[in-house]
Amino acid sequence: MQRDKSMTAAPPHTQLLIGQLLAAPAGHNPDQTIHDGFGNHHTYRQFHTRVRKLAAGLLNLGLGQGSTIAVMDWDSPRYLECFFAVPMLGATLHTINIRLSPEQVLYTINHAEDDAVLCHVDFLPLLLPLLPKVHRPLRLILMADEPCAVPQGFDAEYEKLLADQRPDVSFPELPEDTRATLFYTTGTTGDPKGVSYSHRQLVLHTLALAAGLGTVPGAGGLKRDDVYMPITPLFHVHGWGFPYVATFLGIKQIYPGRYEPGRLLALIAEQGVTFSHCVPTILAMLLSAPGVAEIDLSRWKVLIGGAALSDGLALQARARGIDVHAAYGMSETCPFVTVADMACSQASADIAVRTATGRPAPLVEVRVVDEKMNDIPHDGRSTGEVITRAPWLTDGYLKNSAGTEELWRGGWLHTGDVGHMSANGTLRITDRLKDIIKSGGEWVSSLTLENLVSTVPGLQEVAAVGIPDSRWGERPVLVTVILGEVSVEQDLRNCLDRAIDAGIIPKWAAPDRIYQVDSLPRTSVGKIDKKLIRKLLAEGVIS
Ligand code: AMP
């Protein structure tokens, strides 16, 4: 950029850094509080001091700029402190997915080249056997909710480490493209892939999330008088970026620890939680948890992402007074891409607007394209792959140039999702490319089938998948979980027949078989695992 010589006193660059997100709450809301799930809390003023003490403690252990520091913890205020202290030092925060297999956790620690692991006592049985196989020397810090013995070989206990420090650490001035966070996503095949974000990307994502959610008229949104509690684990795409937004807005925050339905519901009631986000399976679990009927959920806004919000679940939530909405994104997009926009609602379309994947977030471009990347008409029907661009999408996969090239083909991030766009710019995801059912050369949308039957009473969960068929290539089947003992197969068939009569799906899209199981397998982030369902069907385990 050409600079005017009379303006040379101004700094040449004002970098976008995570530390800047702390500036506003520090000034405006120092007495607002951040809580754990066990009755403890501290103020934002204390939070600032703790972030600085944590940074000082890490420096004293020889960690700092250029280090990679991993965390294995439940959702806790400690984790939030790491979200800030680690990147502010110029180090990378590696949020370990504690639901991965031990082999995958070891792979990620080695692949990320971690220099330290901050580990909650509950995950010692997972971490300790891996230590002899870690390639680099590791600093180890124990995290615990109650006093406990520090294992041999550990350098410190988290609270003791903080207690021993002075908060007068000075953070380095960093270029805004310094790597801030790193986590691993597991695809359908191969090793976990490392996805990282810079300070600049996370700051811009925070601003866009605040603007994208805060300014939508009608319902939903995250406001400064909300009480925030995540129910997406902080290791899953940094809790979808919301801990940064909540801290930046200076609002009351609750970090619930391990996700136990009873405790989550109690915290909603006791702490007056008004905003959460989660995958659909978690909301479904909470809505059927014992004691849920006694809890007032009518002030609770819930943003659903990570998988489609079905009409059935949205209606169930609305019946409890919950202000439920969908948003869309993925690990590689930080994750915010689109959000349901109640401004395009008419009363009759209420549920349809809430469940649509929504409109692009500020600064996000979304296209729906064919295999040659030609745009597909915005008619709310024609489907293609969703591709996107935004300033915060990941640059690529760590040490995986083939994967990066595939992700960024033609200069757009390829989501691997299939959807359609309506004339008013509302996106609806109809499938993942890998989950599409291809019958007789035609595509059957698994999400459409699942959504259609989602309102059948007694149906608790459903997955539509394709199974190999010698004549048609693949045929759709439904795998269901039913509440209670009564079969609902006939009701499901009737529901599908009505959809065929109404022209919503063609006759050949109706599933050949409906299986009933006790539970559906989950991925490491709590979503329904269709890959495993297909395998169990192929092996005859589901029959
Ligand atoms: P992950 O990388 O684990 O966050 O998963 C991202 C994937 O979840 C996306 O690529 C979509 O397939 C799916 N997904 C996320 N949000 C939605 C949504 N609102 N509707 C349908 N699928 C979604």
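Ligands are counted one by one from 1 in listed order, and the atoms in each one are counted from 1 as well. For reference, positions follow the sequence shown, starting with 1. Keep in mind that what you see is a predicted model, and the values were worked out from it rather than measured.
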Side chain proximity check, V368 to H420, heavy atoms < 4.5 angstrom: no
Residues D435 and S446: side-chain donor-acceptor under 3.5 angstrom: no
Donor on one side chain, acceptor on other, T68 and H94, under 3.5 Å: no
Y79 and H238, any side-chain heavy atoms less than 4.5 Å apart: no
Give a table of atom pairs where an N or O of ligand 1 lies under 3.5 Å from a protein N or O.
from	atom 1	to	atom 2	distance (Å)
ligand 1	2 (O)	S331	N	2.9
ligand 1	2 (O)	S331	OG	2.7
ligand 1	3 (O)	H236	NE2	3.3
ligand 1	3 (O)	K527	NZ	3.1
ligand 1	4 (O)	H236	NE2	3.2
ligand 1	5 (O)	K527	NZ	2.7
ligand 1	8 (O)	G306	O	3.0
ligand 1	8 (O)	K527	NZ	3.2
ligand 1	10 (O)	D417	OD1	3.3
ligand 1	10 (O)	D417	OD2	2.6
ligand 1	10 (O)	R432	NH1	2.6
ligand 1	12 (O)	D417	OD1	2.6
ligand 1	12 (O)	D417	OD2	3.4
ligand 1	12 (O)	R432	NH1	2.9
ligand 1	16 (N)	G306	N	3.2
ligand 1	19 (N)	A327	O	2.8

Distance-only donor-acceptor check, side chains D177 and S198, under 3.5 Å: no
Y197 and F183, any side-chain heavy atoms less than 4.5 Å apart: yes
